[in-house]
Amino acid sequence: MTKIRPATRADLPAVVSLIARLQADPAHHIGFFGYTEAEIADELAGVQPEWYEGALLAIRSSGAICGVLSTDVNTEVGRAWLYGPHIDVPTGHPATPQAWHKTADMLYEAALQLPHMRTIQDLNLYAHTEHRELAEFAKRHGFQRETPTRIFTLTGADLRCMLTQDTEAVERLPSDGSMNAQFTALFDRCFPDTSSTADQLLYGKHTVVALRQADGKLAGFAAGYTQEAEHYVDFVAVEPDMRCVGVGRRVVKGLVRELDAENGAKPQAGAVVSVENHASAGMFTGLGFQVELVLVSYRRKP
């Protein structure tokens, strides 16, 4: 019989091992995670509240962990992201789908009762397009399928080559806050319903670089951060009258170069782009990025 219990700090090695094993299979791949144990541990370290305070485990009668669902909450935007569920069930067995869904439902219902989840009604899932069980789970629980996204990556020599290209005019946002109002206005226009606020980018883990116009006004910006195995480009925005002249490419190159100088070299840079955003896809392709995989979000709004 499977039981559900809260995670503890001591569960981290077993949880990371379980997730890493399942992440290798597209049919179990959750988009919030990478592939290696180091990447997964790093990603769990970034959730709010601390991962074990927002994680539920499914435990077999033998005591082995057979499932995990973690939560990541942004109270300022009133949204929560469900990291999972990851469920270890036998492949190819006729009862596998039923066992997966039974365990997933138990984890989900327990997660909704966590103190930090009780006031959150905007919930989000993210997985490989081949994760059919999660797609069915999302549908049963009232989540709507959103537009798929492509994961772009730039690796090896191509990444090092980009880092040597000139980004002299790209700068970090001034520490005196003189460009913060322009940044916030552009961010709010381009990303009205997103995962972070402008203030969280300005004062949180993100690094923000900008390019000015000739008159000193903001032409565009890029914001991102460094993870265990990559520099991640999270947001890119360009003023409408400055588009199609290379501003986006320049701020992306400037951001990755800044992250590399600040946090040390990483084997790759990554970005997530909607399959409908052809302009951004073209920009990243032009910089040498290639599509690694396609993921899809599911969202349950209030």
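Values reported hereafter were calculated over all heavy atoms of this structure, with side chains retained and with hydrogens, waters and symmetry mates removed. We number each residue from 1, following the sequence as shown. Everything numeric in this text was worked out from a predicted model, so none of it was measured.
Grouping the Ile, Leu, Val, Met, Phe, Trp and Tyr side chains by contacts below 4.5 angstrom, directly or via other members, places Ile151 with Trp81. Two different hydrophobic clusters hold Val294 and Tyr298 under the rule that ILVMFWY side chains link at heavy-atom gaps under 4.5 Å. With hydrophobic clusters built from ILVMFWY side chains whose heavy atoms lie under 4.5 angstrom apart, Val16 shares a cluster with Leu56. Linking Ile, Leu, Val, Met, Phe, Trp and Tyr residues whenever their side-chain heavy atoms come within less than 4.5 Å leaves Val273 and Leu295 in two separate clusters. Under a hydrophobic clustering in which Ile, Leu, Val, Met, Phe, Trp and Tyr are joined whenever their side-chain heavy atoms come within less than 4.5 Å, directly or via other members, Leu202 and Val209 fall into different clusters.
Ionic pairing of Glu262 and Arg172 is present here: one or more N-O contacts between side-chain nitrogen and carboxylate oxygen are shorter than 4.0 angstrom. Ionic pairing of Glu37 and Arg21 is not present here: no N-O contact between side-chain nitrogen and carboxylate oxygen is shorter than 4.0 angstrom. Asp166 and Arg250 are not joined by a salt bridge, as no carboxylate oxygen comes within less than 4.0 angstrom of a charged side-chain nitrogen. Between Asp241 and Lys217 no salt bridge is recorded (no basic side-chain N to carboxylate O distance below 4.0 Å).
When only modelled atom types and interatomic distance are considered, Asn277 and Ser280 share a side-chain donor-acceptor pair under 3.5 Å. Donor-acceptor pairing under 3.5 Å is recorded for the side chains of His86 and Gln23. Residues Asp199 and Thr197 bring no donor and acceptor atom of their side chains to less than 3.5 Å of each other. Under 3.5 Å, the side chains of Asn74 and Gln200 contain a donor-acceptor pair of N or O atoms. For the residue pair His141 / Asp105, a side-chain donor-acceptor distance below 3.5 Å is found, with atom types taken as modelled. A side-chain donor-acceptor contact under 3.5 Å links Tyr83 and Asp72.
For Arg132, the CZ atom counts as loosely surrounded, since its 6.0 Å shell holds 12 or fewer non-hydrogen atoms of other residues, nucleotides or ligands. By the neighbour-count criterion of 12 heavy atoms within 6.0 Å, atom CD of Gln290 is sparsely surrounded, having that number or fewer from other residues, nucleotides or ligands. Counted within 6.0 Å of CD on Glu50, heavy atoms from surrounding residues, nucleotides or ligands total more than 12; the atom is thus considered enclosed.
Scanning all heavy atoms of the two residues, the minimum distance from Ile59 to Ile65 falls at CD1-CG1, 3.7 Å. A pairwise comparison of heavy atoms in Gly254 and Val170 identifies CA-CG1, 3.9 Å as the closest pair. Smallest separation of non-hydrogen atoms from Ser70 and Leu44: OG-CD2, 3.8 Å. Looking at every heavy atom in both residues, Arg79 comes nearest to Ser195 through NH1-N, 4.0 Å.
Taking NE2 of His231 as the start and CD of Glu258 as the end, the distance is 11.0 Å to the nearest 0.5 Å. For the atom pair His131 NE2 and Asp25 CG, the distance stands at 8.5 Å (nearest 0.5 Å). To the nearest 0.5 angstrom, Leu211 atom CG is 8.0 Å from Glu171 atom CD. For the atom pair Ile19 CD1 and Tyr35 OH, the distance stands at 14.5 Å (nearest 0.5 Å). One finds the CG atom of Leu57 at 5.0 Å from the CG atom of Asp11 (value rounded to the nearest 0.5 Å). Interatomic distance, CG of Leu82 versus CD1 of Ile120, reported as 11.0 Å (0.5 Å rounding).
Note on ring orientation: taking the six-membered ring where Trp is involved, the planes of Tyr126 and Phe32 are tilted (angle from 30° to 60°). The aromatic rings of Phe183 and Phe187 sit parallel, their planes meeting at an angle under 30°, below the 60° perpendicular limit.
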- Message: Assess the residue pair Asp122 and Arg299 against the criterion (salt bridge (Lys or Arg N to Asp or Glu O under 4.0 Å)); give the C-alpha distance rounded to whole Å, side-chain angles, the decisive distance to 0.1 Å, and a yes or no.
- Response: CA-CA 7 Å; Asp122 192 340; Arg299 186 173 181 184; 2.6 Å; yes
- Task: Report the C-alpha separation of His101 and Glu133 in whole Å, then their side-chain angles, then the decisive distance to 0.1 Å, and conclude whether the side chain to side chain donor-acceptor pair (under 3.5 Å) test is met.
- Result: CA-CA 7 Å; His101 286 285; Glu133 303 300 348; 2.7 Å; yes
- Query: Going through the checks in order, is the salt bridge (Lys or Arg N to Asp or Glu O under 4.0 Å) test met by Glu239 and Arg189?
  - Reply: CA-CA 10 Å; Glu239 286 287 356; Arg189 288 202 312 272; 2.7 Å; yes
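Taking the six-membered ring for Trp and the full ring otherwise, Phe235 and Phe221 have centroids separated by 6.0 Å or more.
Here the side chain of Thr103 pairs no donor or acceptor atom with the backbone of Trp100 at under 3.5 angstrom. Here the side chain of His128 pairs a donor or acceptor atom with the backbone of Glu130 at under 3.5 angstrom.
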